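When reading the values below, keep in mind they use all heavy atoms of this one structure, side chains included, and skip hydrogens, waters and symmetry mates. Numbering starts at 1 and runs along the sequence shown. Whatever order the structure lists ligands and atoms in, that order sets their numbers, starting from 1. Note that the structure is a prediction, hence the values are computed from the model and not measured.
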Amino acid sequence: MKKGKLVIYTGCSGVGKGTIMKELLKNDESIKLSVSCTTRVPRPGEIDGVHYYFVSKDKFNKIIEEDGFLEYATFCDNMYGTPEKAVDELLEKGYNVFLEIEVQGGMQVMKKRPDCVSIFITPPSVEELERRLRGRGTEDEETIKKRMYRALEELTYEKYYKYSVLNDEVDRATQEIIGILKKESE
Ligand code: 5GP
């Protein structure tokens, strides 16, 4: 069986990458989303083992010591990491595995797995980004400010990614990504 593609899928907070991801999973059975570990507390509705594995800092550090992460990074005071074994098992089964990760992790994976595909989701404008981030209503003002600052910083990494996809419209952006995947799998 042909091995699947490893896809780095990055977009700053509020860009709408989660919404596009849901559409991708609905529309393309070849796609699987890797479940990360994080030390962040769950948001309302988030389920352990589905959205993330919510772990303590000690547990996270233990996985680092055991070399269990393909990549990991600190983002706005919390740690996030991709469990390597689970990703490789899915790739072996022929799935295209998406890593929804921030830029530091993205850079690590590009180095470690040069055959990966990298996709950067961009917002229509900075104003729209802030509006979406506030509209989510799940974060306090300080967190929103931190995430907004970080978002502007992250946008400077777009140039390191092979593909940029503008999230002007969810369906259009979803189809563009499916097209990229098809092209890369040929
Ligand atoms: P959130 O707290 O909003 O779920 O995620 C914050 C940021 O961390 C997002 O940009 C998200 O893509 C990123 N992220 C989620 N999981 C991982 C991971 O395993 N590794 C890295 N490097 N970033 C991650």
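- Taking a cut-off of under 4.0 Å to the non-hydrogen atoms of Arg40, the atoms of ligand 1 that pass are 1 (P), 2 (O), 4 (O).
- Backbone and side-chain nitrogen or oxygen atoms of Tyr72 are examined, and none is located within less than 3.5 angstrom of a nitrogen or oxygen of ligand 1.
- Ligand 1 is never approached by Gln108 to a heavy-atom distance shorter than 4.0 Å.
- Residue contacts with ligand 1 leave out His51, since none of its heavy atoms falls under 4.0 Å from the ligand.
- Between the side chains of Ser56 and Asp58, no donor-acceptor pair is found at a separation under 3.5 Å.
- The shortest contact between atom 10 (O) of ligand 1 and any protein heavy atom is with Glu102 CB, 3.7 Å.
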Should Thr39 and Tyr80 be marked as a side chain to side chain contact (heavy atoms under 4.5 Å, CB included) after you check the CA-CA gap, both sets of side-chain angles, and the distance that decides it?
-> CA-CA 7 Å; Thr39 61; Tyr80 298 82; over 6 Å; no
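- Contact atoms of ligand 1 toward Ala73: 22 (N) (distance under 4.0 Å to a heavy atom of the residue).
- Checked against the 6.0 Å centroid threshold, Phe60 and Phe69 count as a close aromatic pair.
- Regarding atom 11 (C) of ligand 1, its nearest protein heavy-atom neighbour is Glu100 O, 3.9 Å.
- On a distance-only criterion, Tyr52 and ligand 1 share at least one N/O pair closer than 3.5 Å.
- If you check which protein heavy atom lies closest to atom 20 (N) of ligand 1, you get Glu71 OE2, 2.7 Å.
- Defined by atom type and a distance below 3.5 Å, a donor-acceptor pair is missing between the side-chain atoms of Ser118 and Tyr163.
- With rounding to the nearest 0.5 Å, the separation of CZ in Arg113 from CD1 in Ile8 is 10.5 Å.
- A donor-acceptor pair shorter than 3.5 Å cannot be found between the side chains of Asn78 and Thr38.
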CA sep, side-chain torsions, deciding dist, call: Cys37, Ile63, side chain to side chain contact (heavy atoms under 4.5 Å, CB included) | CA-CA 10 Å; Cys37 293; Ile63 303 173; 4.1 Å; yes
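- At distances below 3.5 Å, not a single donor-acceptor pair connects side-chain atoms of Tyr157 with backbone N or O atoms of Phe120.
- Closest protein heavy atom to atom 19 (O) of ligand 1: Ser36 OG, 2.7 Å.
- For Arg43, a nitrogen or oxygen atom sits less than 3.5 Å from a nitrogen or oxygen atom of ligand 1, counting backbone and side chain alike.
- Salt-bridge formation is detected for the pair Glu141/Lys145: a Lys NZ or Arg NE/NH1/NH2 atom is positioned less than 4.0 Å from an Asp or Glu carboxylate oxygen.
- Looking at Phe75 against ligand 1, only its side chain comes within 4.0 Å, counting heavy atoms.
- For ligand 1, none of its N or O atoms has an N or O atom of Glu154 under 3.5 Å away.
- Donor-acceptor pairing under 3.5 Å is lacking for the side chains of Thr174 and Asp171.
- Residue Cys37 places no N or O, backbone or side chain, under 3.5 Å from any N or O of ligand 1.
- In the vicinity of Gly105, heavy-atom distances shorter than 4.0 Å reach the ligand 1 atoms 22 (N).
- With a 4.0 Å cut-off on non-hydrogen atoms, Met79 does not touch ligand 1 at all.
- Without hydrogens or angle criteria, Lys3 side chain to Gly94 main chain gives no donor-acceptor distance under 3.5 Å.
- The closest approach between any non-hydrogen atom of Gly81 and ligand 1 is below 4.0 Å.
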